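Both backbone and side-chain heavy atoms feed into the values below; hydrogens, waters and symmetry mates do not. Chain identifiers are assigned alphabetically (A, B, ...) following the order of the sequence lines, protein sequences preceding nucleic acid strands; residue numbering begins at 1 within each chain. If you're wondering where the values come from, they're calculated on a predicted model, not measured in any experiment.
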2 protein chains.
Amino acid sequence: MEPFTPRQNAVLECALQLLVAGGERALTTAGLARAANCSKESLYKWFGDRDGLLAAMITYQASKVRTPGPRDSMPTLDDFSRSLAVFAEDLMGVLAGEVSLALNRLAIGQADRDGAQLGALVREHGRLPIETRARALLELGRRHGYLKFSDTHEAYETLYGLVVRDSHVRMLLGEPPAGLSDDRPQRARLAISQFFRLYGHGAQDIE
Amino acid sequence: MEPFTPRQNAVLECALQLLVAGGERALTTAGLARAANCSKESLYKWFGDRDGLLAAMITYQASKVRTPGPRDSMPTLDDFSRSLAVFAEDLMGVLAGEVSLALNRLAIGQADRDGAQLGALVREHGRLPIETRARALLELGRRHGYLKFSDTHEAYETLYGLVVRDSHVRMLLGEPPAGLSDDRPQRARLAISQFFRLYGHGAQDIE
DNA sequence: AAATTCGTGTACCGTACGGTACGGTTCCGA
DNA sequence: TCGGAACCGTACCGTACGGTACACGAATTT
């Protein structure tokens with residue numbers, strides 16, 4: 001089930017390190033072979049070509065992240081609200097991670113090549129797990145009567161927008177992390193508070 | 001005051017076209033010289049080097065966009081709400097534009113080089129004008145009693161998040177425009193409606 | 001022990017691209 | 001009419017990088 005051998009994982013880890021340190025230009029096959037103490041021929045044997053290597057880096061990184069499924073017992077409203085806040089902080093933390101930023105930059109920079117295959121990989125392995133986890137959480141809240149919405153997708157997108165705002169793109173553009181981590185828990189609380197005012201128990205339907 | 005001559009503007013326009021059509025790889029100095037019927041020597045004379053050319057493309061594109069200052073007369077709440085919706089639709093339209101996407105991809109892809117100078121240019125010439133226009137609009141609404149907030153920046157970021165959500169990054173990653181333009185006015189209305197429920201006249205303070 | 005497999009290290013090739021140099025042409029001002 | 005500036009087209013250079021080939025060593029198999 002593991003798509004890569006431990007040796008290949010080590011090489012991919014090294015590749016991620018190079019990418020984070022110096023961007024895409026620093027990730028050359030010769031440089032990776034030197035840094036990882038392997039041969040270029042092995043790289044091409046394992047990953048096909050450079051694009052295959054980049055794709056492998058994304059799937060490998062995704063394989064490292066485990067999304068904790070929430071245990072279904074969520075009695076009090078306070079617990080549920082706290083779970084939402086944890087999700088919000090996790091989301092901000094993931095998006096602000098340097099490996100995530102580097103891979104997103106890589107995929108965005110290559111979005112014109114090959115029909116955005118890297119972008120599709122990032123969406124599938126990076127964003128989709130987050131979304132499914134969040135949707136499960138939201139529907140759990142609705143089942144317990146803490147939330148009120150008809151369109152789960154709309155509720156999720158609203159939550160995402162309230163939490164992330166445009167900070168992700170700003171970080172991708174290289175904005176120094178001055179306003180990025182300014183009190184992440186504080187920002188999470190604000191976002192969750194706003195979300196509850198839109199989709200909380202007592203909220204009215206829209207339109 | 002115009003930083004470039006008409007001839008140089010024409011060349012930059014051609015460069016943008018190349019960038020949109022084929023991504024960064026398609027934007028070579030030789031290719032641009034051929035497409036724009038100019039010599040490589042002129043390119044280097046005008047823009048210094050390739051990075052100077054990229055920077056010039058961003059400032060040139062920014063110079064094309066004029067941000068309509070709202071006339072200060074904004075009597076009814078309905079007018080103001082409509083102005084917010086117009087802003088929201090404009091924002092979505094700009095971010096979904098292929099030139100904007102191409103330039104953002106370019107700046108993000110180069111965010112590791114030279115301290116993210118291109119990213120800084122995009123933020124300064126692309127995002128800042130939008131933000132100032134929106135802040136003026138928001139404060140106008142507050143002055144007329146339609147909105148209620150203490151932190152303009154927070155209100156603006158919330159509005160941005162409600163309108164854009166994560167669609168910008170998804171588009172940057174190359175997601176096909178299936179869900180992007182799905183009834184843009186509808187999405188704008190929803191976002192503005194949500195925004196009014198958070199910062200509208202009768203809204204309570206947060207926390 | 002021989003052979004097969006796997007991987008390293010290195011050398012090599014082709015090419016694409018950034019940047020420079022130069023000859024020829026057009027245009028404009030003196 | 002002359003001189004110079006600007007610019008085009010092209011040819012050229014150096015280099016960096018993706019990809020391939022090959023020789024040698026180590027481990028595993030038979």
Subject >> Heavy-atom protein contacts under 4.0 Å, nucleotides 4-19 of chain C, coded B base, S sugar-phosphate only, - none >> reply: ---SBB-------SBB
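- By the side-chain contact (heavy atoms from CB on, under 4.5 Å) test, B:Ala120 is found to be paired with B:Arg123, residues two or more places apart in sequence or in another chain being considered.
- In this structure A:Arg165 satisfies the salt bridge (Lys or Arg N to Asp or Glu O under 4.0 Å) test with no other residue, sequence neighbours excluded.
- Against DNA chain D, the stretch residues 104-117 of chain B makes no heavy-atom approach under 4.0 Å.
- Evaluation of the side-chain contact (heavy atoms from CB on, under 4.5 Å) rule for A:Gln17 yields no partner, not counting sequence neighbours.
- A search for salt bridge (Lys or Arg N to Asp or Glu O under 4.0 Å) contacts involving A:Arg143 returns A:Asp72, not counting sequence neighbours.
- In this structure, the salt bridge (Lys or Arg N to Asp or Glu O under 4.0 Å) partners of B:Arg127, at least two apart in sequence or on a different chain, are A:Asp166.
- For A:Glu124, there are no salt bridge (Lys or Arg N to Asp or Glu O under 4.0 Å) partners two or more places apart in sequence or in a different chain.
- Residue pairs satisfying the side-chain hydrogen bond (donor to acceptor under 3.5 Å, both in side chains) criterion with at least one member in residues 47-56 of chain A, sequence neighbours excluded, are listed as follows: A:Glu24-A:Arg50.
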